[in-house]
Novice: 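Sharing a structure, written as structure tokens. Questions coming.
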Amino acid sequence: MHLLATEGPLKGLKLDLDVGEDWIIGRDPDQANLVLDDNSVSRKHARLFKTDEGIFIKNLSETNPVEVNEITVDEYLLIDGDRIKIGNSIFEFFEFEEEVEEEAPKEEKPEYETIYEEATKEEKLVEPFITEEATFVLKVISGPNSGAEFGMEKGNVYILGKDSTACDIAFNDLSVSKQHAKVEIDEMGVVFIEDLGSKNGTFVNGKAIKEKSVISTQDLVYIGTSSFLVLDQKSASETIYTPGPIVEEKKEEVVKVEEAKPEEAELNWKKQTIPYSHLIGGGVLVVVVFALFLSFFGLLRPRGVELAKNEPAKVIKKTLEKFEAVTFSYNPAGEALFLVGHVLTPVDKQELLYNIKELSFVSQVEDNIVIDEYVWKNMNDTLTENEAYRGISVHSPKAGRFVAQGYVQTAEQAAEAWEYINTNFPYLDRLENRIAVDEILKAQIGSMLLAKNMSGIVFKLTAGDLILDGRYDEKKEKNYDKLLKEFKSINGIHTVKSLAIASNASSAMLDLSSKYNVSGLAKQKNKNVTAVINGKIIGLGDNLDGMKITSITADAILLEKDGVKYKISYSP
């Protein structure tokens, strides 16, 4: 017995359950013995264990719970054929190996690998354009590659798909599988086409092919939403022409009629009178024919056909209006819809799929939709495992967009944290870095206070909360209010709380009176020019512990250093 991934990024992966009795499924190889390489899978996601009743599955993930047959479960007894969702992949439980052999999809065909190897040989490389020597031409009629032409030769095999690294002819079409179909031209010029187990199938003239089939130059082939013809350039052009009726036979009949009625042929038609009833009948016939002509011409107008052709796409686009980060590709031949993109929550995805299922012209849906909530929750679990990064978290403000924010002490720690996130986060092109560094923020705040000449203000910054205290000149109150708004706009600052008090210029200075003692003054021309401070005579313009004396007043000595102003008060 085993689990086989049938849908999702791990499609084709087989988890063998024949050996052992207890298994842990998860992303971490140190904690799980069945490892899944998928970021949507938790480190320890689920547990499988054998009992006398059978194999049970137990959910171990809080962020992305296990679902069995589209129902979230805590513990469940598996039966053959159950569909289990683990992360973004669907696994099917097979209890009997013989059933697996019957139902195994033809994903790994021996000739598939041989075709790929032959196609990569130098002599099999195909130029994606027509050359004069090319015998056959693959001409794209509709789809994203409409109008493209590819040269093809006898005796070659060509892989068609959207993976440009593994295909000879690549289609820029989301509804086309990575390796969708194979075109083979034998030495006699007979063209064969075969589907390679694609999701949306391969159609010839509107009919799905199940095995290798012969196609002619008039057969229209559909893969996904693209269609093409394979044309023979060097053979005589085929004439799609239907000859008109044989005129000679009708002439003979006319001759016979004339021979049968020679007397009527001799009549002068100018002298014949047309009956009035014939004129009325002829007029009615002309009106009817003209009306039919107008009706037929109206049916052939391209405008109406175009509207009908585009109607499903318009309806789908309207249905997905709410989900801006989701795009689609629709194949009308197979009524297949392919969805890709991001939604915020599991509820959003359920609502989207419910709306799609209401569309009558969609019979099958394949989605690669990412649920952002699972992505950032899984990343936050990873960050909390490292103590140095517990101050950082990731969230999704809108579908398809992620933000990493938080705080670290140094720029070096910020660089290490971002490198750690780059290693573990799957959608770096959609991630915005808003990690704040405390030492950089403090230097920025200090320089802004200095530039506004707010030397009497001190601050404290803790995890994005800024508290300001001290005094500022009441004449600069408008500058101070403007500075508070600038602080709030800095990335990394959440709240700004001001405890500072507006006062006059003198009280806004830092007071050093408790540290220094002024014991005397000396005047010159009635101006104080020197002072005795802590027993030393210091004059105007001299330095005191690195501070320059700018003024000596009757009750205070004013000093300045690096734009910060100080004062030493004293009693005369």
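For the single chain, residues carry numbers from 1 onward in sequence order. Note that the structure is predicted; figures quoted are calculated from it, not measured.
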Novice: How about Glu419: does its CD atom have over 12 heavy atoms from other parts shown lying under 6.0 Å from it?
Specialist: no

Novice: Looking only at side chains, do Asp82 and Asn69 share a donor and an acceptor under 3.5 Å apart?
Specialist: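 Yes, because at least one side-chain N or O of Asp82 sits under 3.5 Å from a partner of the opposite role on Asn69.
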
Novice: With side chains defined as the heavy atoms from C-beta onward, is the minimum distance between Pro346 and Tyr374 less than 4.5 Å?
Specialist: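 Counting from C-beta outward, Pro346 and Tyr374 do come under 4.5 Å.
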
Novice: Any side-chain heavy atom of Leu320 within less than 4.5 Å of one from Ile316?
Specialist: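 Yes, close enough: below the 4.5 Å cut-off.
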
Novice: Among side-chain atoms of Ser498 and Tyr480, is any donor-acceptor pair under 3.5 angstrom?
Specialist: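 Yes.
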
Novice: Distance only, no hydrogens: is a donor on one side chain within 3.5 Å (strictly under) of an acceptor on the other, for Asp219 and Asn205?
Specialist: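 Yes.
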
Novice: Any chance CG of Asp381 has more than 12 other-residue heavy atoms, nucleotides or ligands included, within less than 6.0 Å?
Specialist: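 Yes.
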
Novice: Give me the atom names and distance for the closest heavy-atom approach of Lys162 to Cys167.
Specialist: N-SG, 4.5 Å

Novice: Would you say that more than 12 heavy atoms from the other residues, nucleotides or ligands in this model lie under 6.0 Å from the NZ of Lys58, or not?
Specialist: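 Counting other residues, nucleotides and ligands, NZ of Lys58 exceeds 12 neighbours.
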
Novice: So, Thr382 versus Arg43: side-chain donor-acceptor pair below 3.5 Å or not?
Specialist: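 Distance-only check passes for Thr382 and Arg43.
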
Novice: Atom NZ of Lys139 and atom OG of Ser146: how far apart are they, to the nearest 0.5 Å?
Specialist: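 OG of Ser146 is found 8.0 Å from NZ of Lys139.
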
Novice: Please determine whether side chain to side chain donor-acceptor pair (under 3.5 Å) holds for the pair Asp195 and Ser198, giving the CA-CA distance in whole Å, both sets of side-chain angles, and the decisive distance to 0.1 Å.
Specialist: CA-CA 7 Å; Asp195 185 72; Ser198 64; 2.7 Å; yes

Novice: Applying the side-chain hydrogen bond (donor to acceptor under 3.5 Å, both in side chains) criterion to Asp173, which one of Asn331, Thr225, Asn200 satisfies it?
Specialist: Thr225

Novice: Check whether more than 12 heavy atoms from other residues, nucleotides or ligands sit under 6.0 Å from atom CD of Glu412, and answer yes or no.
Specialist: no

Novice: Is there a side-chain contact between Leu10 and Ile86 (heavy atoms, below 4.5 Å)?
Specialist: no

Novice: Would you mind reporting whether Gln364 and Lys199 have side-chain heavy atoms less than 4.5 Å apart?
Specialist: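 Of all side-chain heavy-atom pairs linking Gln364 with Lys199, none is under 4.5 Å.
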
Novice: For Val221 and Phe203, what are the C-alpha separation, side-chain angles and deciding distance, and is it a side chain to side chain contact (heavy atoms under 4.5 Å, CB included)?
Specialist: CA-CA 6 Å; Val221 182; Phe203 296 79; over 6 Å; no

Novice: Quick one: pull up OG1 in Thr410 and CD in Gln413 and give me the separation to the nearest 0.5 Å.
Specialist: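 So the OG1 of Thr410 and the CD of Gln413 are separated by 3.5 Å.
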
Novice: Please tell me whether Asp372 and His342 have a donor and an acceptor in their side chains that are separated by less than 3.5 angstrom.
Specialist: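 Asp372 vs His342: donor-acceptor pair found between side chains.
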
Novice: Can a donor-acceptor pair be found between the side chains of Ser61 and Asn64 at a distance below 3.5 Å?
Specialist: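 The answer is no; no qualifying pair exists.
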
Novice: Would you indicate whether the side-chain heavy atoms of Val403 and Pro397 approach each other to under 4.5 Å?
Specialist: yes

Novice: Under a 4.0 Å threshold between the charged nitrogen and the carboxylate oxygen, would Lys85 count as salt-bridged to Glu70?
Specialist: no

Novice: Do Met152 and Ile185 have side-chain heavy atoms sitting under 4.5 Å apart?
Specialist: yes

Novice: Using ring centroids (six-membered ring only for Trp), state whether Phe338 and Tyr330 fall under 6.0 Å.
Specialist: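 No, the ring of Tyr330 stays outside the 6.0 Å limit from the ring of Phe338, centre to centre.
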
Novice: Evaluate the criterion salt bridge (Lys or Arg N to Asp or Glu O under 4.0 Å) for residue pair Glu67 and Arg83; output intermediate values, then yes/no.
Specialist: CA-CA 8 Å; Glu67 296 180 10; Arg83 291 168 57 83; over 6 Å; no

Novice: Determine, for Glu439 against Lys442, whether the closest basic-nitrogen to carboxylate-oxygen distance falls under 4.0 angstrom.
Specialist: no

Novice: Ignoring hydrogens, what is the shortest heavy-atom contact between Ala404 and Ile421? Give both atom names and the distance.
Specialist: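 In terms of heavy atoms, the two residues are closest at CB-CD1, 4.2 Å.
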
Novice: So, Asn156 and Tyr158: side-chain donor and acceptor under 3.5 Å apart, yes or no?
Specialist: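 Note: Asn156 and Tyr158 side chains meet the donor-acceptor criterion.
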
Novice: Quick one: do Val496 and Phe459 satisfy side chain to side chain contact (heavy atoms under 4.5 Å, CB included)? Show the steps, please.
Specialist: CA-CA 10 Å; Val496 177; Phe459 68 90; over 6 Å; no

Novice: Side-chain contact, heavy-atom cut-off 4.5 Å: Ile84 with Leu3?
Specialist: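 Yes, their side chains come closer than 4.5 Å.
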
Novice: Give the minimum heavy-atom separation between Ala411 and Val437, together with the two atoms involved.
Specialist: N-CG1, 3.4 Å

Novice: Quick one: does any side-chain atom of Arg434 pair with a main-chain N or O of Gln405 as donor and acceptor, under 3.5 Å?
Specialist: no

Novice: State, to 0.1 Å, how close Phe171 and Val176 come at their nearest heavy-atom pair, and which atoms those are.
Specialist: CB-CG2, 4.3 Å

Novice: Is the distance between the ring centroids of Tyr76 and Phe56 under 6.0 Å?
Specialist: no

Novice: If you count every heavy atom of other residues, nucleotides or ligands that lies below 6.0 Å from Glu75 atom CD, does the total exceed 12?
Specialist: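 It does: Glu75 CD has more than 12 such atoms within range.
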
Novice: For the residue pair Tyr407 and His494, categorise the inter-ring angle as parallel (less than 30°), tilted (30 to 60°) or perpendicular (more than 60°).
Specialist: perpendicular

Novice: Between the side chains of Asn380 and Ser393, is a donor N or O closer than 3.5 angstrom to an acceptor N or O?
Specialist: no

Novice: Could you tell me whether Lys212 sits above the aromatic face of Phe192, with NZ or CZ closer than 6.0 angstrom to the six-membered ring centre and within 45 degrees of the axis?
Specialist: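 Because its charged atom sits under 6.0 Å from the ring centre and within 45° of the axis, Lys212 does stack over Phe192.
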
Novice: Between Lys377 and Phe402, is NZ or CZ placed under 6.0 angstrom from the six-membered ring centre and within 45° of the ring axis?
Specialist: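 That pair does not qualify as a cation-pi contact.
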
Novice: With heavy-atom distances below 4.5 Å as the criterion, would you say the side chains of Leu36 and Phe91 are in contact?
Specialist: yes

Novice: Please lay out, stage by stage, how Phe136 and Leu138 fare under the test side chain to side chain contact (heavy atoms under 4.5 Å, CB included).
Specialist: CA-CA 7 Å; Phe136 289 85; Leu138 187 149; over 6 Å; no

Novice: Walk me through it: do Val137 and Phe150 pass the test side chain to side chain contact (heavy atoms under 4.5 Å, CB included)?
Specialist: CA-CA 6 Å; Val137 173; Phe150 301 87; over 6 Å; no

Novice: Ignoring hydrogens, what is the shortest heavy-atom contact between Leu4 and Phe94? Give both atom names and the distance.
Specialist: CB-CE1, 3.8 Å

Novice: Kindly compute the distance separating CG (Asp28) from NE2 (His45), expressed to the nearest 0.5 Å.
Specialist: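 NE2 of His45 is found 14.0 Å from CG of Asp28.
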
Novice: Of all heavy-atom pairs between Ile24 and Asn33, which one has the smallest distance, and what is that distance?
Specialist: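 Closest heavy-atom pair between Ile24 and Asn33: N-OD1, 2.7 Å.
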
Novice: Please name the residue in the list Ile369, Asn368, Asp367, Val370 that meets the side chain to side chain contact (heavy atoms under 4.5 Å, CB included) test with Val340.
Specialist: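 Result for side chain to side chain contact (heavy atoms under 4.5 Å, CB included) with Val340: Asn368.
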
Novice: Can you measure from CG (Leu344) to OG (Ser396) and round to the nearest 0.5 angstrom?
Specialist: 5.0 Å

Novice: Is it true that the side chains of Asn355 and Thr319 contain a donor and an acceptor less than 3.5 Å apart?
Specialist: no

Novice: To the closest 0.5 Å, what do you measure between OG1 (Thr202) and CD (Glu194)?
Specialist: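 CD of Glu194 is found 9.5 Å from OG1 of Thr202.
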
